[in-house]
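I am attaching a structure below and will ask some questions about it afterwards.
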Amino acid sequence: MIISWLANPDRFSKVFAPVRPWVAGLSLVLFAWGLYLCFVSPEDYQQGDTVRIMYIHVPAAWMALFTYLVMGVASFFGLIFRHALADAAAKAAAPIGAVFTALALITGSLWGKPMWGTWWEWDGRMTSVLVLFLFYIGYIALHASIEDEQRAAKSTAILALIGLINLPIIKFSVDWWNTLHQGASVFRADGPTVAPSMLWPLLVMALAYKALFVWLWLIRIDTEILSRKYNGLRARLGFREGGV
């Protein structure tokens, strides 16, 4: 199984080091293409040019959920199967997810003011996304507050798994509650309701965000591996000096 095969940190770094520049290049190309499509796409008949915030806001919101799902799956493998790289993968994803969530909240607020007349509303979707952001911050703070790596990995994995409960709440919040936030318009059983001229820029931007996440995630995992090697080496040297 490839996940077990990649559990070796040295092998992981060796396999993905040549991949990172290609992923970075792909992200750059997709962002350039997506932003071009955003500017040449038609304005909305009701929202005017304000609708262009959608191309930044919606992919950021999708990535906020996706990144937390990645963090939750990695935490599951770490907690249940003791995968050697699982905690590093989850820890590496957390700050990236927090930034995506913050971007979704900020751009949502910027979009909400001209459309709804308010920067913020405690409705189901916005409140549950804010809770997601707090889970990210809590995960990062908890990991930083526990020195012992194994204890930190176990505690944060449990927190990450608890936070997974929030993902379906975010997804279905617009269906469960009478909310200010509009319902789903892309991932629907009866197909997207967004016009193709706006859907394509949105999907290209979503792919750009996804490639950006993969690139940043691989870099952060590699950095975490190096950091743990350094800490392990320093601990061994300290032990030897103490023994002498």
Side-chain angles (χ1 to χ4, degrees), residues 1-20 22-24 62-101 128 131-171 209-243:
M1 192 177 180
I2 191 166
I3 293 178
S4 301
W5 185 72
L6 289 173
N8 183 301
D10 291 331
R11 186 180 296 144
F12 181 92
S13 298
K14 201 172 185 179
V15 168
F16 286 105
V19 175
R20 293 201 304 262
W22 290 98
V23 179
W62 287 344
M63 287 308 300
L65 271 68
F66 176 78
T67 305
Y68 198 92
L69 182 62
V70 169
M71 201 171 81
V73 171
S75 297
F76 175 79
F77 273 90
L79 196 61
I80 305 301
F81 299 106
R82 309 284 184 189
H83 191 282
L85 275 183
D87 179 57
K91 185 181 177 185
I96 306 171
V99 171
F100 281 136
T101 312
S128 53
V131 171
L132 177 68
F133 180 69
L134 295 177
F135 264 107
Y136 275 123
I137 297 301
Y139 180 97
I140 295 168
L142 185 59
H143 223 305
S145 65
I146 303 175
E147 281 193 22
D148 183 87
E149 281 188 5
Q150 290 189 346
R151 279 188 56 231
K154 186 176 180 180
S155 301
T156 52
I158 293 171
L159 179 65
L161 292 176
I162 293 172
L164 285 176
I165 298 169
N166 191 40
L167 299 191
I169 294 175
I170 295 173
K171 167 64 180 168
Y209 271 75
K210 189 70 67 67
L212 176 64
F213 164 74
V214 173
W215 177 55
L216 293 174
W217 191 41
L218 291 176
I219 288 177
R220 285 193 49 80
I221 292 175
D222 209 37
T223 304
E224 187 64 26
I225 290 171
L226 291 175
S227 173
R228 292 183 182 198
K229 280 183 180 177
Y230 170 75
N231 290 336
L233 182 61
R234 195 175 64 171
R236 283 197 293 276
L237 287 174
F239 177 76
R240 285 180 184 173
E241 289 174 1

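Just so it is clear, the structure is predicted and the values come from calculations on it, not from any experiment. Both backbone and side-chain heavy atoms feed into the values below; hydrogens, waters and symmetry mates do not.
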Would the distance check show the side chain of D87 and the main-chain N or O of S75 forming a donor-acceptor pair, the cut-off being under 3.5 Å? no

Tell me every residue that passes side-chain contact (heavy atoms from CB on, under 4.5 Å) with I219, counting only those two or more places apart in sequence or in another chain. R20, W215, T223

Is there a side chain to side chain contact (heavy atoms under 4.5 Å, CB included) between K91 and Y139 once you walk through the steps? CA-CA 8 Å; K91 185 181 177 185; Y139 180 97; 4.2 Å; yes

Which residues pass the side-chain contact (heavy atoms from CB on, under 4.5 Å) test with A152, sequence neighbours left out? H143, I146

For K171, what residues pass the salt bridge (Lys or Arg N to Asp or Glu O under 4.0 Å) criterion, not counting sequence neighbours? none

Would a 4.5 Å heavy-atom cut-off, applied to side chains only, mark I170 and V131 as touching? no

Inter-residue atom distance K154.NZ - D148.CG, 0.5 Å rounding: 11.5 Å

Give me the atom names and distance for the closest heavy-atom approach of A74 to A89. CB-CB, 4.2 Å

Is the side chain of Y136 donor-acceptor paired with the backbone N or O of A64 at a distance under 3.5 Å, no angle test? yes

Suppose we screen for side-chain contact (heavy atoms from CB on, under 4.5 Å). Which residues come up paired with I165, at least two apart in sequence or across chains? I169

If I take atom CD from residue E149 and atom CZ from residue R228, how far apart are they, to the nearest 0.5 angstrom? 4.5 Å

Is the backbone of A153 close enough, under 3.5 Å, to the side chain of T156 for a donor and an acceptor to pair up by distance? yes

Ring pair (Phe, Tyr, Trp, His ring centres under 6.0 Å) partners for F213, two or more places apart: F66, W217

F76: what forms a side-chain contact (heavy atoms from CB on, under 4.5 Å) with it, not counting sequence neighbours? I80, F81, L161

With a 4.5 Å heavy-atom cut-off, do F135 and I140 have their side chains touching? no

Would Y209 and F100 count as a side chain to side chain contact (heavy atoms under 4.5 Å, CB included) here? Give the steps. CA-CA 9 Å; Y209 271 75; F100 281 136; 3.4 Å; yes

Can you check whether S227's main-chain N or O pairs, donor with acceptor, with N231's side chain at less than 3.5 Å? yes

Value rounded to 0.5 Å, distance of OH in Y68 from OG1 in T101: 10.0 Å

From I221 CD1 over to F16 CZ, what is the distance, rounded to the nearest 0.5 angstrom? 8.0 Å

How many angstroms lie between atom CG of L69 and atom CG of L164, to the nearest 0.5 angstrom? 6.5 Å

Can you tell me how far the CE atom of M71 sits from the CD1 atom of I96, to the nearest 0.5 Å? 11.0 Å

So that I can tick it off, tell me whether R220 and E224 are bridged by a salt bridge, with the cut-off set at under 4.0 angstrom between side-chain N and carboxylate O. no

Counting distance only, does the side-chain N/O of Y230 pair as donor-acceptor with the main-chain N or O of I225 below 3.5 Å? no

